[in-house]
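Reading through the structure tokens given below for one structure.
In this chain, numbering begins with 1 at the start of the sequence shown.
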Amino acid sequence: SGGTVFVGSLSTDIEVDHIETYAAGFAGFMIKTDPNCDPSTWRENFVMTNISVHDNYAHSMEDGEGFYIGFTFSDGYTVTCNGQETTVYGHLIENLKVYNNRTDDTGAEGIQVSSAPDAMVYNNHISRSGQRPFANYQDNGMQIGYSGVHVFNNLIENGPGTALMMFGTGHKVYNNLIVHPGRMGIFADDRKVGSGHAYMNNTVIEPGEDGIVLYMDEATTPNLLQNNIIVNPGNDSYWRLLNSNVNVTESHNILAATVAEVEFNDPNNSDYSLTVNSPAVDQGIDLSAEGVATDSQGALRPQGDGFDIGAYEFVPTLRLSGSALSQAIELTWIIDSSLANTTTWKIEYQSASDSNSTIVDDLPEPTRSYSLSELTNYEAYTITLSAMAQNTAIYSDTMTIMPTDIQIYLPTIFD
């Protein structure tokens with residue numbers, strides 16, 4: 001639809017999904033009711049609950065946001081009712097989820113969320129935000145307010161402002177990929193007393209100014225800054241603090257002067273996943289206690305001896321191949337990473353005519369070949385090889401091959 005999708009007026013239990021909106025004069029999606037002189041709009045009288053916003057596409061906004069969710073001034077603002085100034089508070093949104101949305105070419109921010117405690121904002125893709133902002137500093141990628149919001153697995157790229165603006169307390173921000181913001185990669189400001197933020201396993205590529213900026217001097221607990229990759233900030237400031245009162249626990253971050261030294265897979269084509277030789281592989285701190293159990297693509301952490309640094313966990317590739325012989329198959333395999341000495345290999349195979357499978361297990365690492373014998377010629381066998389850690393398959397590959405007693409040898413030709 002051309003125009004704004006509006007959800008408000010005491011709405012609860014709403015699912016907003018699979019909608020495309022464009023060319024709106026204001027936000028593409030607006031989900032909130034602003035407080036006014038009507039007491040039914042005040043926080044103490046109304047809570048919006050169970051709002052799910054997913055799989056939507058907002059693009060080509062005239063001057064507004066892609067998604068504008070929740071009342072911005074969560075700490076109250078003043079209205080004049082019957083000639084008397086009154087401070088009113090906008091309603092909260094409880095159990096808000098914003099995921100799998102796409103914004104492109106928005107006038108202001110791609111996604112703005114506020115007054116939504118403990119919201120989940122994840123798997124969104126924001127590009128070219130802030131192209132026609134209606135005011136200064138309204139050209140950012142994503143803006144989050146209030147408290148306890150989890151922001152993870154988002155891609156924010158190619159906007160003129162700051163990619164991610166975080167206001168409030170107790171937020172957790174992890175597994176986000178930020179590429180080429182015009183100003184800062186991440187800016188955080190508590191603006192009130194409360195818990196610190198956690199910035200974990202984010203990858204920030206070539207911000208125009210700073211990598212991560214923390215104005216978190218009222219935090220009652222340390223702000224975490226761990227397992228992040230920050231590459232080539234425009235003013236050489238990888239991370240910056242407002243003052244000496246900002247309490248930070250900082251460790252296991254990669255601060256790289258160039259993209260090349262991190263050894264991403266294919267940065268020229270926007271692939272910032274890790275290669276096996278990246279200095280980020282296995283060099284992070286275990287953040288599972290902070291709720292970081294997977295990477296931005298859903299791969300379990302860790303895959304190797306330790307957490308990887310940045311938004312991606314390196315996932316080794318296992319390649320199984322086989323040679324068909326008479327009543328036998330010779331298996332060989334390679335894996336492009338080192339494995340723990342306690343890893344074992346498991347082979348499971350069965351023929352097309354037999355529903356029962358045969359298992360060969362507990363082959364020790366570093367076994368790379370095995371021969372299956374007493375097979376039936378001309379019968380297709382499906383074979384699965386798995387690397388096992390504590391009875392769990394961590395890598396697998398499957399192939400189908402047929403034993404045969406017909407071997408073809410081509411003559412050698414000399415030219």
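- A donor-acceptor contact closer than 3.5 angstrom is absent between the side chains of Asp405 and Ser326.
- The side chain to side chain contact (heavy atoms under 4.5 Å, CB included) with Ile186 is formed by just one residue from the set Ile156, Ile212, Asp210; it is Ile212.
- Checked against salt bridge (charged side-chain N to carboxylate O under 4.0 Å, His left out), Asp34 has the following partners two or more places apart in sequence or in another chain: Lys32.
- Note on ring orientation: taking the six-membered ring where Trp is involved, the planes of Tyr99 and His54 are parallel (angle under 30°, cut-offs 30° and 60°).
- Taking Lys97 as the reference, nothing meets the side chain to side chain donor-acceptor pair (under 3.5 Å) condition, with sequence neighbours excluded.
- In terms of the ring-ring contact (aromatic ring centres under 6.0 Å, His included) criterion, residue partners of Tyr215 (sequence neighbours excluded) are, by chain and number, Phe187.
- For the ring pair (Phe, Tyr, Trp, His ring centres under 6.0 Å) condition, the pairs that include at least one residue of residues 233-268, sequence neighbours left out, are Phe264-Tyr272.
- Smallest separation of non-hydrogen atoms from Asn124 and Val98: ND2-O, 3.1 Å.
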For Val262 and Ser278: C-alpha separation, side-chain torsions, deciding distance, then whether side-chain contact (heavy atoms from CB on, under 4.5 Å) applies.
CA-CA 6 Å; Val262 187; Ser278 172; 4.2 Å; yes
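- Looking at every heavy atom in both residues, Leu274 comes nearest to Ala280 through CD1-CB, 3.8 Å.
- Of the candidates Asn175, Asn227, Asp295, Asn175 is the only one forming a side chain to side chain donor-acceptor pair (under 3.5 Å) with Arg301.
- No donor-acceptor contact under 3.5 angstrom links the side chains of Glu157 and Ser127, judged on distance only.
- When the ring-ring contact (aromatic ring centres under 6.0 Å, His included) test is applied to Tyr146, no partner is found at least two apart in sequence or on another chain.
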Verify side-chain contact (heavy atoms from CB on, under 4.5 Å) between Thr21 and Asn56, making sure each step is shown before the conclusion.
CA-CA 8 Å; Thr21 184; Asn56 301 292; over 6 Å; no
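- Judged as a salt bridge (Lys or Arg N to Asp or Glu O under 4.0 Å), the pairs with a partner in residues 179-203 (not counting sequence neighbours) are, in order, Asp75-Lys192, Asp139-Arg183, Asp189-Arg191.
- Applying the salt bridge (charged side-chain N to carboxylate O under 4.0 Å, His left out) criterion to Asp308, with sequence neighbours excluded, gives no partner residue.
- Under the ring-ring contact (aromatic ring centres under 6.0 Å, His included) criterion, His197 pairs with His171, Tyr199, not counting sequence neighbours.
- The ring-ring contact (aromatic ring centres under 6.0 Å, His included) check on His125 picks up nothing, with sequence neighbours excluded.
- Put simply, the side chain of Asn140 gets close to the backbone of Tyr137: a donor and an acceptor are under 3.5 Å apart.
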Would Gln297 and Val315 count as a side-chain contact (heavy atoms from CB on, under 4.5 Å) if you check the C-alpha gap in whole Å, the side-chain angles of each, and the deciding distance to 0.1 Å?
CA-CA 11 Å; Gln297 305 303 301; Val315 180; over 6 Å; no
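- Annotation: ring pair (Phe, Tyr, Trp, His ring centres under 6.0 Å) contacts involving residues 281-338, sequence neighbours excluded, comprise Trp333-Trp345.
- In this structure, Ile126 and Gly110 approach most closely via the heavy-atom pair CG2-CA, 4.0 Å.
- For the residue pair Thr169 / Ser147, no side-chain donor-acceptor distance below 3.5 Å is found, with atom types taken as modelled.
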Using distance only, find each side-chain donor-acceptor pair of residues 352-364 under 3.5 Å and give its atom names and separation, not counting sequence neighbours.
residue : atom : partner : partner atom : Å
Ser353  : OG   : Glu379  : OE2          : 3.0
Asp354  : OD1  : Asn356  : N            : 2.9
Ser357  : OG   : Glu348  : OE2          : 3.0

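- The pair Asp104-Arg128 meets the salt-bridge criterion, with a side-chain N (NZ, NE, NH1 or NH2) lying under 4.0 Å from an Asp/Glu carboxylate O.
- Remark: Glu206 engages no residue in a salt bridge (charged side-chain N to carboxylate O under 4.0 Å, His left out) (not counting sequence neighbours).
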